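A quick write-up on the structure given underneath.
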Protein chains: 2
Amino acid sequence: MTEPVGRRERKKAATRQNIADTALRLFLERGYDAVGIRDVAAEADVAVTTLFSHFASKEALVFERDEDFEKRLARAVTDREPDEPIVPALRREMRAMVRHCASEGAAPTWRMIDATPALREYEESMRLRHAESLASAIAADLDLPPSSTACRTIARFVTDAHSLAREAADPDAAVDEIFRMIEAAWAVTFPTTASRPGYNRSAIAGSGTGGTPGA
Amino acid sequence: MTEPVGRRERKKAATRQNIADTALRLFLERGYDAVGIRDVAAEADVAVTTLFSHFASKEALVFERDEDFEKRLARAVTDREPDEPIVPALRREMRAMVRHCASEGAAPTWRMIDATPALREYEESMRLRHAESLASAIAADLDLPPSSTACRTIARFVTDAHSLAREAADPDAAVDEIFRMIEAAWAVTFPTTASRPGYNRSAIAGSGTGGTPGA
DNA sequence: TTTTTAAAAGCTAACCGTTAGTGCTACGGT
DNA sequence: ACCGTAGCACTAACGGTTAGCTTTTAAAAA
């Protein structure tokens with residue numbers, strides 16, 4: 001986020017960028033499975049171990065640019081306008097994310113992801129992480145324990161929307177359709193959720209599942 | 001399903017069972033990551049290639065017994081009582097499945113799964129497959145195209161329930177809670193779904209997403 | 001400046017899951 | 001009894017990933 005200051009950090013960032021760019025280029029040129037880690041390392045002119053000191057796995061190379069997806073959803077909750085309900089805020093963000101995947105620059109990458117089982121699996125496991133952090137953000141906003149089943153469920157539904165909408169014929173319409181369902185799911189579990197500033201303790205915490213609310 | 005008839009098939013089934021049993025025993029004894037494929041093969045007294053001719057991956061060894069989970073959800077839809085709505089039928093089945101994971105015999109295995117990232121990922125990708133086959137079953141029942149976003153969404157929510165409920169403090173209550181949400185999500189997209197025998201074409205197919213209904 | 005320290009990058013060699021290639025053996029259909 | 005083939009074994013390798021250790025180089029201490 002903050003620009004690297006010393007020459008050392010600048011070089012490190014440059015190496016990382018170089019590796020990611022080279023990898024993505026090779027993957028798109030020759031196909032993900034047809035390019036080995038050793039190929040990427042050679043083309044980027046770094047050692048294999050250096051590559052793995054920057055990226056945890058071959059798949060991670062592909063998602064380098066979208067790594068902050070994790071925070072965007074949580075931020076959509078924490079940084080939203082004070083009077084905006086949670087679900088519409090999430091819908092806005094989700095629409096932007098889905099649009100981005102279909103955008104000029106990102107589309108070829110996502111086409112490759114969709115065509116590569118290993119990458120689909122990786123994305124799926126990423127989505128689980130994202131759902132957890134989103135669940136924490138929602139729970140914090142509602143003053144519920146982070147492990148609350150209701151919050152984790154809503155978060156899971158929201159991240160499902162990402163993969164479902166991306167695969168739909170009309171992603172925008174799909175986001176709307178799925179979020180109508182999410183809105184309904186939200187409404188039965190957190191009825192009459194007040195706008196925001198503070199304590200909509202009217203939320204029922206489920207049938208004792210998940211955890212005890214504040215009082 | 002049908003008992004193997006010839007000596008050949010019996011031997012093959014025995015080999016497979018032997019491998020699966022040995023693997024699960026070693027995994028539970030020493031830990032999944034501490035046991036290599038070559039260890040399993042040696043202990044089961046088969047060649048590594050034989051092992052992989054029966055199981056597609058190391059992870060698959062763990063889920064051998066629960067492989068038919070895939071069909072159970074779809075069957076819960078197709079084989080339900082003619083006057084039972086879809087969602088309650090799915091809830092019943094889900095409750096049974098979650099219960100089974102916590103049962104005497106299966107609990108240690110699932111504890112190991114929860115503790116092993118590789119197995120969690122594998123389970124996750126299995127759940128995606130299950131969701132797709134469930135989506136097809138639902139779509140068929142409603143006379144909608146299999147790619148219908150609404151059906152895929154409901155199916156995804158249902159399979160989410162499995163992992164969310166398993167991890168909850170009170171799995172039974174969690175299933176109920178999550179299915180209240182699913183019921184609500186269903187209701188907004190398939191309003192006033194008649195009981196069953198035939199054509200509840202009142203279902204809206206979303207905003208043109210997914211596909212065209214029968215007429 | 002010089003010295004010191006430690007992060008970053010490199011090299012080698014291996015581990016582990018998985019697969020290809022090949023051949024042998026024994027079951028099952030004729 | 002015979003042949004076709006399914007099942008299994010063996011070796012060897014491939015590709016992602018990691019451990020161990022050395023070399024470079026930026027940054028901080030002297």
Side-chain angles (χ1 to χ4, degrees), chain A residues 2-24 26-27 30-64 112 116-123 125, chain B residues 2-24 26-27 30-64 112 116-123 125:
Chain A
T2 59
E3 291 298 307
V5 280
R7 194 200 324 270
R8 188 173 233 160
E9 298 178 43
R10 253 182 294 121
K11 283 203 174 184
K12 177 169 181 173
T15 299
R16 181 188 169 90
Q17 198 60 40
N18 173 36
I19 294 172
D21 292 348
T22 304
L24 198 53
L26 291 186
F27 290 158
R30 310 181 198 166
Y32 181 79
D33 291 320
V35 177
I37 282 290
R38 289 160 178 90
D39 300 330
V40 176
E43 182 84 5
D45 199 31
V46 294
V48 174
T49 47
T50 301
L51 190 156
F52 277 108
S53 78
H54 285 277
F55 299 93
S57 66
K58 184 185 180 185
E59 293 90 43
L61 288 165
V62 173
F63 292 93
E64 208 260 332
M112 177 178 77
T116 311
L119 292 176
R120 292 180 71 107
E121 264 196 49
Y122 184 84
E123 191 215 345
S125 75
Chain B
T2 58
E3 290 299 306
V5 279
R7 194 200 323 269
R8 191 174 234 157
E9 298 178 43
R10 251 181 295 123
K11 281 202 176 184
K12 177 170 181 172
T15 300
R16 180 188 169 91
Q17 198 61 39
N18 173 36
I19 295 172
D21 292 348
T22 304
L24 197 53
L26 290 188
F27 290 158
R30 311 182 198 165
Y32 181 79
D33 291 320
V35 177
I37 283 289
R38 291 161 177 88
D39 300 330
V40 176
E43 182 85 5
D45 199 30
V46 295
V48 173
T49 47
T50 301
L51 190 155
F52 277 110
S53 77
H54 286 277
F55 299 92
S57 67
K58 184 184 180 187
E59 293 90 42
L61 288 165
V62 173
F63 291 93
E64 208 260 329
M112 176 178 75
T116 310
L119 292 176
R120 292 180 71 107
E121 264 196 48
Y122 185 84
E123 191 214 345
S125 75

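Predicted model only: the values in this text are computed from it and were never measured.
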So OH of A:Y122 and CG of A:L61: to nearest 0.5 Å the spacing works out to 9.0 Å

Below 4.0 angstrom from OP1 or OP2 of D:dA9, is there any side-chain N or O of B:T50?
yes

Can a side chain N or O of A:H54 be found less than 4.0 Å away from OP1 or OP2 on C:dA9?
yes

Using 0.5 Å steps for rounding, measure from the CD atom of B:E123 to the CZ atom of B:R120.
7.5 Å

May I ask you to establish whether A:K58 and A:Y32 are in a cation-pi arrangement, using a distance under 6.0 Å from NZ or CZ to the six-membered ring centre and at most 45° from the ring axis?
yes

In this structure, how many angstroms lie between the C1' atom of C:dG10 and the CG atom of A:D45, rounded?
11 Å

Using a 4.0 Å heavy-atom cut-off, does A:D39 contact any base of the nucleic acid, only the sugar-phosphate backbone, or nothing at all?
nothing

For C:dA9, does OP1 or OP2 lie under 4.0 Å from any side-chain N or O of A:T15?
yes

From the options D:dA26, D:dG7, D:dA9, select the nucleotide whose nearest atom is closest to the side chain of B:K12.
D:dG7

Any donor-acceptor pair under 3.5 Å joining the side chain of A:R7 to the base of D:dA26?
no

For A:R16 and A:H54, the nearest pair of non-hydrogen atoms, with its separation, is NH1-O, 3.0 Å

Closest contact, heavy atoms only, B:A60 versus B:F55
O-CD2, 4.1 Å

Base, backbone or nothing for each nucleotide of nucleotides 11-21 of chain D, written B, S, -, heavy atoms under 4.0 angstrom, 5' to 3'?
B-B-SBBBB--

Closest approach of A:T22 and A:V40, non-hydrogen atoms and distance?
CG2-O, 4.2 Å

